[in-house]
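See structure below.
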Amino acid sequence: DYSIDNAEVVAAMQGKVKEPDIRSTIQSLANFTNRYYTTQTGLQGAQWIKDKWQTLAGSRNDVTVEFYNHSWRQPSVIMTIQGKTKPNEIVVLGGHQDSIAGFSTGEGTRAPGADDDASGIATLTSVIKAAMEAGYKPDRTVSFMAYAAEEVGLRGSQAIAQSYRSQGKNVVGVLQLDMTNYKGSSGDIYIMQDYTNAGQNDFLADLVSTYQPTVTLGYSECGYGCSDHASWTNQGYAASFPFESTFNGSNPHIHTAQDTLDKSGGNADHAVNFGKLAAAYVAELAKGNF
Ligand SMILES: N[C@H](Cc1ccc(I)cc1)C(=O)NO
Ligand SMILES: [Zn+2]
Ligand SMILES: [Zn+2]
């Protein structure tokens, strides 16, 4: 039940996904000493994202940006664009804001998390910017989520997904962006096939072949619930996880003080592919126009 027939909106939004924007957001987030779920700087990072998304939302009265508070210090951040004609049907795009550098991470521990997962948050932010600049108004509700506490057991997304399920919310699809900027394999985008929805994965492949014909697509597996998409899958929702490389090609610097932008060439060229895919995913699943 996926259709691809909103080319004008896809083109407008994809054209506004810019590498310098993504690079700048990665750098800003990586500059926090760490974004660990219990530290002061982890809370400051959440505040930074909320302020950034609120600024992009401007005065749009169909847009909210809120903290989703948890039992620990770092809140998740949720930006919601109210759907015009089918507001009860929800499209979710997420990534995690927290970072980690080993099990002893605490106040003062250096964990830049440029790829894991500032890249995903920056990619989401570029799609938000594109949607706001284009004056995009979706038919379905669209929620962008910066999950807290992914590194310590997918805890932020688990809390949110469980809450959505218990409220009977109709989430029609979830896209996870975790590590989008390290080109560790020959291909551009790798669709994870475990803990995801096969039908939506096919939809993503169709979006790439339709709107990003020069982007090469591969498939891989994590072997376990390796990011927040698993929280949504566990609650019976359709989730997909496009990833930067094959498992073997993934960024070896993650979870260390060396997960910095320079390891990806000092640019966000690889992440742009994911920003354009996410833009197409929003425009074709949430439909709507300007
Ligand atoms: N385990 C994930 C990283 C990760 C995700 C997918 C693959 I394939 C390889 C590595 C993580 O640390 N997420 O925060
Ligand atoms: Zn990680
Ligand atoms: Zn991650």
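Counting starts at 1 for both ligands and their atoms, following the listed order.
For the side chain to side chain donor-acceptor pair (under 3.5 Å) with Ser240, the lone residue among Asn197, Asp202, Asn201, Thr196 that qualifies is Asn201. Of the residues listed (Ile100, Asp117, Asp116), the one engaging Ile254 in a side chain to side chain contact (heavy atoms under 4.5 Å, CB included) is Asp116, and it is the only one. Checked options Lys169, Arg140, Lys84; the residue passing with Glu89 is Arg140 (criterion: salt bridge (Lys or Arg N to Asp or Glu O under 4.0 Å)).
Judged by the 6.0 Å distance and 45° axis criteria, Lys50 is positioned over the aromatic ring of Phe67. For the pair Arg155 and Tyr37, the NZ or CZ position fails the cation-pi test of under 6.0 Å to the six-membered ring centre and within 45 degrees of the ring normal.
Taking the six-membered ring where the residue is Trp, His70 and Tyr68 present tilted rings, their angle falling between 30° and 60°.
Among all non-hydrogen protein atoms, the one lying nearest atom 14 (O) of ligand 1 is Glu150 OE1, 2.7 Å. Ranking protein heavy atoms by distance to atom 12 (O) of ligand 1, first place goes to His255 NE2, 2.8 Å. Considering only non-hydrogen protein atoms, atom 8 (I) of ligand 1 sits nearest to Phe247 CD1, 3.3 Å. Atom 3 (C) of ligand 1 has its closest protein heavy atom at Met179 SD, 3.6 Å.
Counting atoms of ligand 1 from 1 in the listed order, those under 4.0 Å from a heavy atom of Cys222 are 6 (C), 7 (C), 8 (I).
Contacts of Asp178 with ligand 1, taken as heavy-atom pairs under 4.0 Å, involve the side chain alone.
Taking distances strictly below 2.8 Å, the protein N/O/S atoms close to the Zn ion (ligand 3) are His96 NE2, Asp116 OD1, Asp178 OD1, Asp178 OD2.
Nearest residue to atom 2 (C) of ligand 1 from Cys226, Ser227, Ser245 is Cys226 (criterion: closest heavy atom). Around atom 9 (C) of ligand 1, the closest heavy atom drawn from Phe241, Tyr190, Tyr224, Phe243 belongs to Phe243.
Side-chain atoms of Thr216 and Ile189, non-hydrogen and from C-beta on, never get closer than 4.5 Å to each other. Using a 4.5 Å heavy-atom threshold, the side chains of Leu285 and Phe203 count as touching.
At least one heavy atom of Asp116 sits less than 4.0 Å from an atom of ligand 1. Note on ligand 1: Ser220 sits outside its first shell, no heavy atom being nearer than 4.0 Å.
With ring centers used as reference points, Phe241 lies under 6.0 Å from His229.
No salt bridge links Lys263 with Asp115; every basic N to acidic carboxylate O contact stays at or beyond 4.0 Å. At a threshold of 4.0 Å, the pair Arg73-Glu107 counts as salt-bridged, since one of the basic side-chain nitrogens sits closer than that to a carboxylate oxygen.
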